[in-house]
Amino acid sequence: MSLLELEDVNAFYGNSHVIFDVDMTVEQNEVVALLGRNGAGKTTTLRAITGTVPRREGRIDFRGESIVNDTVDTISKKGIKLVPEERRIFPTLTVQENLVVAHDSSSGDPRPVEEMYEIFSVLDDLRENRGRNLSGGEQQMLSVARALVQDPDLLLLDEPTEGLAPVIVEDLTEILEDIVSRDVTVVITEQNVDFALSLSERAYIIESGENAWEGTIEQLRDRDDLLEQYLSVGAAAD
Ligand code: ATP
């Protein structure tokens, strides 16, 4: 049994049908990249999983049980956490307070706040700084740390590198490698293909709300045609 299975999933905003019969499977402890151009439907696919899209249909099973009729709250309690593109932190609270609030509101068995400072060492020196005074990269780290402290079974990261300087992207890559080694399953949406390829084992490409390709990262590396056709990049770097 896979951790997460999507079959023939459709999603709608009002009358606007934006995801069409999407299939996706995520195994325990896997890192899966969901790739595609701006507006291809990556975020909406993640929202279909978390139940935050206004209407979704199809089969969405988590640990072999349907979650397609569950509320957002129930899905979160079952261990699926989304780190949205717009970083979700409390601007007036300090780094420490942001982590403690996330830790204390966990419905499961959260990880220790101190473990987050081991993983996100940049946050260790910023414990008393307020969220609003952090840089974009630091806010992104805090945003991921707030999800991770709740010890999710499935972590959904929506374009974590968006707007970050290359040197911060490198830091984030190392941190995510560390997280993955701690038995967390991750789905990551990205336009930064190099970043996604460096972390993931398998990828799905979405185009106009439909599955366009799926395969291993090894297979994708050799497919400059796909990267050009669906992701508007010339080639994948090593
Ligand atoms: P991006 O990189 O811009 O986030 P994406 O691949 O995540 O792109 P989505 O945000 O899922 O794409 O958007 C898929 C389609 O759904 C787009 O055509 C978009 O315009 C539309 N869409 C997204 N959000 C809404 C909304 N709240 N109401 C109506 N249409 C929406």
Side-chain angles (χ1 to χ4, degrees), residues 4-26 31-60 62 67-68 71-73 75-76 80-89 136-137 139-140 143-144 147 152 154-166 168-169 172-173 176 185-200 202-215 217 220 223 226-234 236:
L4 178 76
E5 285 181 56
L6 272 63
E7 188 183 21
D8 288 340
V9 170
N10 289 275
F12 308 80
Y13 296 102
N15 291 327
S16 182
H17 187 177
V18 301
I19 295 295
F20 302 86
D21 295 332
V22 161
D23 297 337
M24 186 165 92
T25 303
V26 181
V31 184
V32 172
L34 190 55
L35 306 174
R37 263 193 274 270
N38 231 329
K42 304 179 298 294
T43 301
T44 307
T45 304
L46 297 186
R47 287 190 187 145
I49 298 167
T50 56
T52 45
V53 70
R55 186 174 140 214
R56 63 207 174 117
E57 291 171 0
R59 188 167 72 83
I60 307 180
F62 185 59
I67 56 167
V68 78
T71 61
V72 174
D73 205 35
I75 292 170
S76 171
I80 302 180
K81 301 284 174 214
L82 170 67
V83 179
E85 223 173 315
E86 61 288 353
R87 292 152 197 152
R88 208 169 286 165
I89 59 166
Q139 288 184 5
Q140 184 60 284
S143 196
V144 179
L154 177 62
L155 183 62
L156 308 176
L157 299 176
D158 197 5
E159 297 205 25
T161 66
E162 167 99 66
L164 300 185
I168 308 293
V169 172
L172 193 61
T173 307
L176 292 178
T185 309
V186 181
V187 176
I188 187 163
T189 80
E190 264 301 331
Q191 293 199 50
N192 181 339
V193 175
D194 289 344
F195 175 78
L197 295 193
S198 70
L199 280 170
S200 320
R202 286 194 307 121
Y204 288 84
I205 298 179
I206 297 213
E207 168 82 352
S208 306
E210 296 183 43
N211 284 98
W213 184 86
E214 67 174 276
I217 295 304
L220 187 57
R223 296 291 304 273
L226 286 174
L227 299 176
E228 232 167 277
Q229 185 178 356
Y230 296 117
L231 308 166
S232 325
V233 290

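For ligands, and for the atoms within them, numbers begin at 1 and follow the listed sequence.
For Asp73, the side chain to side chain contact (heavy atoms under 4.5 Å, CB included) test picks out Thr71, Lys77, with sequence neighbours left out. Shown here are the salt bridge (charged side-chain N to carboxylate O under 4.0 Å, His left out) partners of Glu210, two or more places apart in sequence or in another chain: there are none. By the salt bridge (charged side-chain N to carboxylate O under 4.0 Å, His left out) test, Glu85 pairs with no residue at all, sequence neighbours left out.
Of the inter-residue distances, the one linking Leu156 atom CG with Thr189 atom OG1 reads 9.5 Å to the nearest 0.5 angstrom.
Closest heavy-atom contact between Leu4 and Leu154: CD2-CD2, 3.9 Å. For Tyr204 against Asp23, the heavy-atom pair with the smallest separation is CE2-O, 3.7 Å.
The contact shell of ligand 1, taken as protein residues with any non-hydrogen atom closer than 4.0 angstrom, comprises Tyr13, Val18, Arg37, Asn38, Gly39, Ala40, Gly41, Lys42, Thr43, Thr44, Glu85, Glu159, Gln191.
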